[in-house]
Number of protein chains: 2
Amino acid sequence: MSIANPTVEQRFAFKAPLPLKSGSSLPEYELVYETYGELNADKSNAILICHALSGDHHVAGIDADGKKGWWDGYIGSGKVIDTDKFFVVCSNNLGGCRGSTGPTTINPQTGKVYGADFPIVTCKDWVESQNELRKYLGIEQWAALVGGSMGGMQVMQWAIDYPEKLRHAIVIAAAPKLSAQNIAFNEVARRAIMSDPEFHDGRFLDQETVPKSGLALARMLGHLTYLSDDMMGTKFGRELREDKLKYNFDVEFQVESYLRYQGEKFATKMNFDANTYLLMTKALDYFDPAADYDHDLSKTLAQATAKFLVVSFTSDWRFSPQRSHEIVKALLDNDADVSYAEITSAHGHDAFLLPNDHYEGVFGNYMQRVYDDIPTAEASV
Amino acid sequence: MSIANPTVEQRFAFKAPLPLKSGSSLPEYELVYETYGELNADKSNAILICHALSGDHHVAGIDADGKKGWWDGYIGSGKVIDTDKFFVVCSNNLGGCRGSTGPTTINPQTGKVYGADFPIVTCKDWVESQNELRKYLGIEQWAALVGGSMGGMQVMQWAIDYPEKLRHAIVIAAAPKLSAQNIAFNEVARRAIMSDPEFHDGRFLDQETVPKSGLALARMLGHLTYLSDDMMGTKFGRELREDKLKYNFDVEFQVESYLRYQGEKFATKMNFDANTYLLMTKALDYFDPAADYDHDLSKTLAQATAKFLVVSFTSDWRFSPQRSHEIVKALLDNDADVSYAEITSAHGHDAFLLPNDHYEGVFGNYMQRVYDDIPTAEASV
């Protein structure tokens with residue numbers, strides 16, 4: 001059994017200040033993480049999974065609350081990322097709300113929760129903190145870094161900032177930076193949260209409340225952008241919630257009911273922190289590694305030495321295949337070793353989390369290549 | 001001069017009850033409207049313009065406040081809809097907030113503003129009320145009905161419900177019904193308004209307040225869906241509002257500033273009524289004329305006898321060209337006289353309001369045909 005049942009939450013504490021891209025710094029921090037599979041003798045079979053906006057460190061297996069990991073379909077014994085072969089690590093990002101230092105953590109300098117005082121974090125900062133975790137785990141080089149959406153952005157940042165620390169970079173449903181439309185959707189979501197009177201300028205926990213309705217709105221909107229028009233049409237069409245039209249402002253159509261449920265669940269049952277949501281959307285907005293290299297993506301990715309697998313999905317309109325093409329082209333400008341697959345899927349941005357034979361085939365084959373590239377693979381099993 | 005300067009607001013009062021599609025009814029109503037150009041002797045050169053979600057009756061010319069009509073670029077002396085040739089009428093829809101009976105009107109049965117008590121209205125109800133205006137103006141048959149977006153839906157409804165009352169139907173950037181995604185966007189906008197504590201269950205005027213922040217959010221989101229990703233990229237890219245990144249929750253990018261401004265303007269300076277916004281989005285959701293004809297659009301449009309011009313825009317993702325194709329195909333199933341143009345434009349859904357040579361050419365040529373079709377055109381000039 002390569003995944004403990006239930007999964008075990010581990011903690012890494014870094015007791016020195018972490019300077020941040022913003023110019024601010026964190027006096028100290030902790031990362032919560034999970035691992036699956038066995039680290040081999042020379043620590044060469046480790047894979048780091050980077051999570052997306054609302055994700056966390058519980059990526060595979062079943063936790064103590066009975067909750068399945070968010071990518072459990074792809075990570076486990078005999079799965080695409082095979083925990084019989086690899087040692088898989090996933091940590092909750094700084095600024096998160098699932099255990100790593102973030103807005104719901106006590107600020108050691110004030111003795112109160114950070115709340116709105118938590119500094120803006122960026123992809124670069126996440127990579128810095130994950131690199132400290134790497135050192136702590138004694139891993140010299142990741143066999144691969146893997147991430148979808150915002151996770152894919154962290155993988156790119158790793159490949160640029162610490163090229164020698166990874167052999168393979170797997171970048172799924174991502175983009176080299178957000179478009180104006182992407183930023184605009186994030187801004188509407190943030191406005192929804194910040195204009196909720198229960199937000200209290202981000203100090204809502206001090207007031208023993210949470211901006212539920214703003215957070216639910218933000219999630220509804222986010223969810224909308226993760227799904228394709230076609231898929232929503234197939235899934236819901238114009239199906240009514242009840243037999244006939246009521247001609248009032250209650251829910252009439254199934255799609256309304258579904259979205260309201262998603263928003264509610266996120267804000268209440270899942271208890272996601274509103275400040276974390278704000279921070280994650282800002283980190284997305286700020287992600288633009290080429291800004292440090294004359295806004296030239298080819299020059300930027302010239303830093304990378306890892307081999308790449310880039311994957312996009314046909315119906316993804318949040319980060320469309322065109323955005324992956326930009327990454328692939330910039331890698332090819334550098335004669336990098338890059339594989340690219342454009343997967344036919346009706347599931348929009350969400351496709352990266354869902355079962356899909358072609359996707360699983362491409363991804364699984366590539367993971368075999370990652371395994372074959374482990375310097376002492378024979379010795380390590 | 002075919003358009004009075006300033007334009008003159010006229011009123012039509014209907015003193016009998018109007019039964020509504022919902023089963024409810026309005027005890028009486030008024031429509032505010034403007035007209036431009038001269039009605040010819042046999043009243044055969046009249047054109048009705050139907051407005052979209054946030055539009056009103058002031059479609060051309062300059063009003064007493066110095067405000068230009070929302071489609072002034074296309075309507076006037078020598079313009080696409082030539083007021084030297086046509087008598088152009090545009091009324092504010094029932095449920096509107098610009099003068100026609102709506103949520104901000106006094107309910108004669110209670111002596112208070114309708115507010116949330118204003119009944120749900122549909123495209124069919126609008127057509128009924130516009131048809132009463134037609135009778136009042138003594139017009140037997142419109143030379144053409146013209147509308148973009150929600151306006152185009154009213155034109156379709158007219159062609160189905162009163163086929164003999166129009167010779168031409170011009171349907172621009174519309175759809176035969178909303179998709180699940182369209183409804184979902186409307187629902188998020190409605191949630192934004194209804195979850196604003198200043199909404200007070202729609203009785204905000206009684207409380208001497210307005211749900212500004214909810215309405216601003218709804219408008220930001222709406223605006224986002226009117227623009228194309230490409231156009232936003234060209235117009236804003238990732239341009240910063242100030243010289244350098246500030247790493248805080250103030251506006252960083254121009255696109256954020258632009259959207260906030262649009263939301264603010266709509267909710268304050270333009271003083272748009274929140275209940276009207278809710279009603280208009282519901283009317284859009286409910287629009288589905290084929291529901292009355294076994295959900296068969298071809299059978300539905302078999303009712304129509306008008307000649308059609310259908311226009312779509314390549315970058316419109318709110319009502320994409322595919323949605324216009326559905327309309328055109330259903331018309332062709334009936335061997336209807338239909339012209340169709342797919343206009344190349346980067347401006348998304350908004351393109352129907354903006355200058356575009358190809359669009360103006362197609363539209364203008366078609367209007368000449370409408371003019372040539374006036375039974376007594378020679379006598380009327």
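Convention: sequence-line order gives letters A, B, ...; per-chain numbering from 1.
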As an exercise, state the distance from [atom1] of [X] to [atom2] of [Y], rounded to the nearest 0.5 Å.
X: A:S195; Y: B:D196; atom1: OG; atom2: CG; result: 7.0 Å
X: A:N182; Y: B:M232; atom1: CG; atom2: CE; result: 9.5 Å
X: A:L259; Y: B:R191; atom1: CG; atom2: CZ; result: 11.0 Å
X: A:F287; Y: B:R238; atom1: CZ; atom2: CZ; result: 9.5 Å
X: B:D229; Y: A:R318; atom1: CG; atom2: CZ; result: 12.0 Å

### Task
Any chance you could lay out the side chain to side chain contact (heavy atoms under 4.5 Å, CB included) test for B:I120 and A:F249, step after step, and finish with the verdict?
CA-CA 9 Å; B:I120 293 271; A:F249 287 102; 3.9 Å; yes

### Summary
When every non-hydrogen atom of B:A180 is compared with those of A:G237, the smallest separation belongs to CB-O, 3.4 Å

### Task
Name the region of B:M194, side chain, backbone, both or neither, that has any atom closer than 4.5 Å to a heavy atom of chain A.
side chain

#### Entry: Engaged part of B:K177 at the chain A interface, taking heavy atoms whose separation is under 4.5 Å
both

Other residues, nucleotides and ligands only: do more than 12 of their heavy atoms fall within 6.0 Å of [atom1] on [X]?
X: A:K212; atom1: NZ; answer: no
X: B:D201; atom1: CG; answer: no
X: B:K246; atom1: NZ; answer: yes

Would you call [X] and [Y] a side-chain contact if the rule is heavy atoms closer than 4.5 Å?
X: B:Y286; Y: A:E252; result: yes
X: A:L20; Y: B:Y247; result: no
X: A:Q181; Y: B:W317; result: yes

#### Entry: Option in A:D285, A:V255, A:L217, A:D230 with maximal non-hydrogen atom pairs under 4.5 Å from chain B
A:L217

### Summary
Heaviest contributor of heavy-atom pairs below 4.5 Å to chain B, chosen from A:L279, A:N186, A:L224, is A:L224

### Message
If we define contacts as heavy-atom pairs under 4.5 Å, which of B:N248, B:V251, B:T122 has the most with chain A?
### Response
B:N248

### Task
Using a cut-off of under 4.5 Å on heavy-atom pairs, state which of B:R260, B:R190, B:Q254, B:K282 scores highest against chain A.
B:R260

### Query
Is there a side chain to side chain contact (heavy atoms under 4.5 Å, CB included) between A:F185 and B:L221 once you walk through the steps?
CA-CA 8 Å; A:F185 273 114; B:L221 182 55; 4.1 Å; yes

